[in-house]
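The structure under discussion appears below in the form of structure tokens.
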Amino acid sequence: LQINPGDSVLFTSAGYGDIILVGKEIGKIVYLSQKVIELKPVVIGKQKANGTIVIGNDKKIQKGDLGYGLFSDKTDYPYYIGDVAQKIIIPNSIRLLKINKIFIPVKRYGKCFGPLLLRVYLPDTIDNQPGTTILNRLITPKVDLLIKNRVLSVNVSSNNLFFNGADSFFISITWPPEAFSEGCGTVLSVSKTSDAETLYRSPALNPFRWIPFGKWKLLNGTDFEVKTFYSVEAEVYK
């Protein structure tokens, strides 16, 4: 990384506490403090899953839906491109489920698709916003960028994302630095008709503050609130 003495850099890793260092404090090695996370116990015996369900926002991509991300002016990246998280509500009747696939409506930027960074968060118990990261995965076109009908499908069955008695979790998409240097990429499809709870944060402006995604202004002067419509496929257990 090319870091100037006055730059602030946020370091994160699943299972460890976040730390922000100023450029002049950063050496070749950065140490993070381990963060102990107490999870509810999950016991799975010989029983099989009762079935598979899809939860999240069920809105379909429509003509005219906008794309968000990867501005042509790459200098805008640190300030205008950040994490875009959506809250996924787990139905009250479900005690235990395992997430197998995550679906993200996307559009192509340029002549081809590019990398994304996918994260899954547990809710913060205080403000019910994205809290502890339980999945941090780089999605690359050559390996696992499976797009069908303008929907990115990510297989996470091997990550063992079990939720036992939980009421919600958050899914987030952001763009790794290499996404801005390949001449093409992947942008999020966003909609003014989705009813999903969508939050946003900028790593450069305030890496710890999540805010509502906000309103956009069309060329005709109309304001509307833009939201995402992620969904997941999950196995349900007794």
Side-chain angles (χ1 to χ4, degrees), residues 1 10-14 18 54-57 59-61 65-88 99-122 130 132-159 161 169-191 194 196-205 207 210 213-214 216 226-234:
L1 297 176
L10 168 66
F11 295 91
T12 66
S13 180
D18 298 345
V54 175
I55 57 177
N57 192 279
K59 180 190 176 298
K60 304 299 182 183
I61 297 177
D65 282 343
L66 303 177
Y68 173 79
L70 293 172
F71 289 86
S72 58
D73 182 0
K74 297 179 179 57
T75 59
D76 285 343
Y77 160 69
Y79 300 98
Y80 299 105
I81 303 295
D83 292 78
V84 181
Q86 176 183 313
K87 187 175 184 179
I88 304 294
I99 307 301
N100 285 334
K101 294 181 181 179
I102 297 176
F103 303 112
I104 309 290
V106 294
K107 293 184 177 183
R108 185 176 64 189
Y109 178 83
K111 297 181 179 180
C112 55
F113 290 95
L116 294 171
L117 188 59
L118 168 68
R119 295 189 179 106
V120 177
Y121 297 93
L122 294 175
T132 302
T133 306
I134 58 174
L135 177 67
N136 194 5
R137 177 168 167 181
L138 179 65
I139 302 171
T140 57
K142 295 181 180 179
V143 178
D144 51 6
L145 196 60
L146 176 60
I147 297 176
K148 184 178 181 180
N149 296 329
R150 293 186 292 175
V151 175
L152 167 65
S153 175
V154 185
N155 191 325
V156 295
S157 58
S158 63
N159 294 100
L161 296 177
F169 59 94
F170 289 87
I171 296 174
S172 169
I173 286 289
T174 189
W175 290 263
E178 56 266 32
F180 298 84
S181 60
E182 298 183 355
C184 58
T186 306
V187 300
L188 292 178
S189 292
V190 292
S191 171
S194 168
E197 181 179 340
T198 304
L199 303 173
Y200 165 85
R201 70 173 180 178
S202 168
L205 300 180
W210 291 92
F213 197 37
W216 286 9
V226 178
K227 296 184 178 181
T228 55
F229 43 110
Y230 310 155
S231 59
V232 303
E233 178 185 282

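Atom set for the values below is all heavy atoms of this structure, side chains included, hydrogens, waters and symmetry mates excluded.
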Pair Leu118-Ile173, side-chain contact (heavy atoms from CB on, under 4.5 Å): steps then yes or no | CA-CA 5 Å; Leu118 168 68; Ile173 286 289; 4.0 Å; yes
Go through the steps to decide whether Asp83 and Tyr121 satisfy the test side-chain contact (heavy atoms from CB on, under 4.5 Å), and finish with yes or no.
-> CA-CA 12 Å; Asp83 292 78; Tyr121 297 93; 3.7 Å; yes
Should Leu152 and Phe103 be marked as a side-chain contact (heavy atoms from CB on, under 4.5 Å) after you check the CA-CA gap, both sets of side-chain angles, and the distance that decides it?
-> CA-CA 6 Å; Leu152 167 65; Phe103 303 112; over 6 Å; no
List the steps, then state whether side-chain contact (heavy atoms from CB on, under 4.5 Å) holds for Asn159 with Ile99.
-> CA-CA 9 Å; Asn159 294 100; Ile99 307 301; over 6 Å; no
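Heavy-atom minimum distance, Lys227 versus Ala196: CD-O, 2.8 Å. The minimum heavy-atom distance linking Tyr230 with Leu188 is given by the pair OH-CD1, 3.4 Å. Here the closest non-hydrogen pair linking Pro115 and Pro176 is O-CD, 3.8 Å.
Taken from CD1 in Ile102 to CD1 in Ile139, the straight-line distance is 8.0 Å, to the nearest 0.5 Å. Summarising the geometry, atom CD1 belonging to Ile134 is positioned 4.5 Å from atom CG belonging to Leu122; distances are rounded to the nearest 0.5 Å. Rounding to the nearest 0.5 Å gives a distance of 10.5 Å between CD1 of Ile104 and OG of Ser189. The CZ atom of Phe113 sits 6.0 Å away from atom CZ of Arg108, with the distance rounded to the nearest 0.5 Å.
Not counting sequence neighbours, the partners of Asn136 by the side chain to side chain contact (heavy atoms under 4.5 Å, CB included) test are Leu117, Arg119, Thr133. For the side-chain hydrogen bond (donor to acceptor under 3.5 Å, both in side chains) test, no residue two or more places apart in sequence or in another chain qualifies with Thr12. With sequence neighbours left out, the side-chain hydrogen bond (donor to acceptor under 3.5 Å, both in side chains) criterion links Asp18 to no other residue. Residues forming a ring pair (Phe, Tyr, Trp, His ring centres under 6.0 Å) with Phe169 (at least two apart in sequence, or on another chain): Phe163. Remark: Thr228 pairs with Gln86, Thr198 by the side-chain hydrogen bond (donor to acceptor under 3.5 Å, both in side chains) rule, at least two apart or across chains.
Side chain of Trp175 to backbone of Val187: no donor-acceptor contact under 3.5 angstrom is found.
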